[in-house]
Amino acid sequence: MQELENENDKLKREVGKLMKAITDSTDFTQQEVSPSGKELMDQFEAMNDELERRREECLQLRAMMAEKSITTHAIAKESYGGNDNIVNEDNELAMAYRTQKELNRLLENQLQKTEKDSKKKEVTLKKQVKDLKEENEKQQKIIQQNLQLGPEAKIEATMQHEITRLTSENLDLRESNDKNQDQIRKLKKMLKTYAKRLKDGEAAEIAAEMDKDDTKSSEDNVAHVKHRERNYMGMLEYRKEDEQALIKNLIMDLKPRVAVGLLPGLPAYVLFMCVRHTDYVNDDEKVRGLLTNTINGIKKCVKKHHSDVERVTLWLTNTCRLLHTLKQYSGEKAFQADNSPRQNEHGLRNFDLSEYRQVFSDLAVWIYQTMIKQMQESVQQMIVPAVLEHEAIAGLTASKPSGMRGRSSSNANELEEKELSLDSLMKVMNKYSQILAQHAVDPELVKQIFRQLYYFVASGALNNLLLRKDMCNWSKGMQIRYNLSHLEQWLRDNKLGESGALSALTYYPAQLGQENRC
């Protein structure tokens, strides 16, 4: 207790020194204590009151301990007629002593804990005082500088201070954004993994793993419910009156941004599961109505949103997936070569849907042509500025030939050229490639799409070149050849070098050389 009192006195002296230092750092011109100093003084007074209260408690505990020790000893003597030997023989006095000793140890631990807390508070207060001093010094320097500077310099200094503060905040926000992006990337990988496992028919295993994780968190003495293994038939039952609602929700109201987060081709799989159930119950009228409404719904959706490439791509993918699924499970041996025995068991048994397969094939061709037409319309206005007029090599065409047609050099035309440059064409190509990848379009179909787009770009550029006399010179030919090399490199970067799109550009440079020789 004496050591603790000495330690408390020492702490009081140190806190007094701190208070004196804060008083010295106060602005004496205004004769007022700063808000930080007031806060620190309030904390000091609260700590002082707490120490006084602790000291009174310690004195009370000491008095209680002494009184209890005397009382215990007296009771022990009275119980055994003042015979200390009997008390010692029964070990009751020793038990009382051990109890008192444990009580003393408990009180000592409490005092040590209080001492540690006070030390932590002292360290925190010292740090706060140090920070306040540094902040005070910075503010004083800024005030002195502002008093010496003129109005414009004051504004500039204030702006510089705000820029520094905003820069630090932006760095913190960037770090937080990077962490969130990493978390999103991890969650996307997890979603792809679960989607792949669901596609491979491992839904039961995932459910079992989830149940296993849930049971681990429960107590060991709780009984667990075990799930029996089930063989799923891969069918979806629906009522005839719900057919229109099914088509509306699955086709008309399905948005691309929602479909991207689902299993690729999920609408096609759901429709085929409905077809399998109608085959299972042998209801030809129901399957005829479902397939007819599906075809009409897809046509209506594509016609309504024909300018939306992403939505058209979504239904090109699902139409092809439904067509391939109808072939795979048709029961024909020509389409069962790569099937597993389990997949062959899920084949259609009662219906021959070969005529409907032809209708779906024609529908997929029509959707493909609609998508290609929309892509070509968006690319067409970029062909001449991006391939023929874009000058990536600076200074090569600085001196124009005498027979060149005059072009307007107004600001509006320059802005339009920037918007329709080679970079804008590459951005459009990247956008289309990303859309096709998000909706899991068949790789062979992706190659065909870009092969046709490149052929359209090459033919459009060549047709315009034949009509432009000002393009028939060596320097312009170098610029055009350089622009074409960017298109070729884009194909290689996106693993489309073997798609045949490069062959669409091989004829174009040959014709370009002939025009330049003319």
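Here the structure is a predicted model, which means the values were calculated and not measured. Only this structure's heavy atoms are used, side chains among them; waters, hydrogens and symmetry mates stay out.
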Under a 4.5 Å cut-off applied to non-hydrogen side-chain atoms, are [X] and [Y] in contact?
X: N318; Y: L271; result: no
X: V309; Y: K431; result: no
X: V123; Y: K119; result: no
X: H486; Y: L425; result: no

Worksheet item: Yes or no on side-chain contact (heavy atoms from CB on, under 4.5 Å) for I372 and Q369, after CA distance, side-chain angles and deciding distance?
Response: CA-CA 5 Å; I372 288 293; Q369 291 174 350; 5.8 Å; no
Salt bridge between [X] and [Y], side-chain N to carboxylate O under 4.0 Å?
X: E122; Y: K126; answer: yes
X: R165; Y: E169; answer: yes
X: R451; Y: E444; answer: no
X: D182; Y: K179; answer: no

Discussion item. Quick one: does any side-chain atom of N109 pair with a main-chain N or O of R105 as donor and acceptor, under 3.5 Å?
Written reply: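 Yes; at least one donor-acceptor contact below 3.5 Å.
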Worksheet item: Between atom CD of Q452 and atom CE of M371, what is the distance when rounded to the nearest 0.5 Å?
Response: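 Taking CD in Q452 and CE in M371, the distance rounds to 9.0 Å.
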Item to complete: Name the orientation class of the two ring planes belonging to Y454 and W490 (parallel below 30°, tilted from 30 to 60°, perpendicular beyond 60°).
Response: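 The rings of Y454 and W490 lie parallel, inter-plane angle below 30°.
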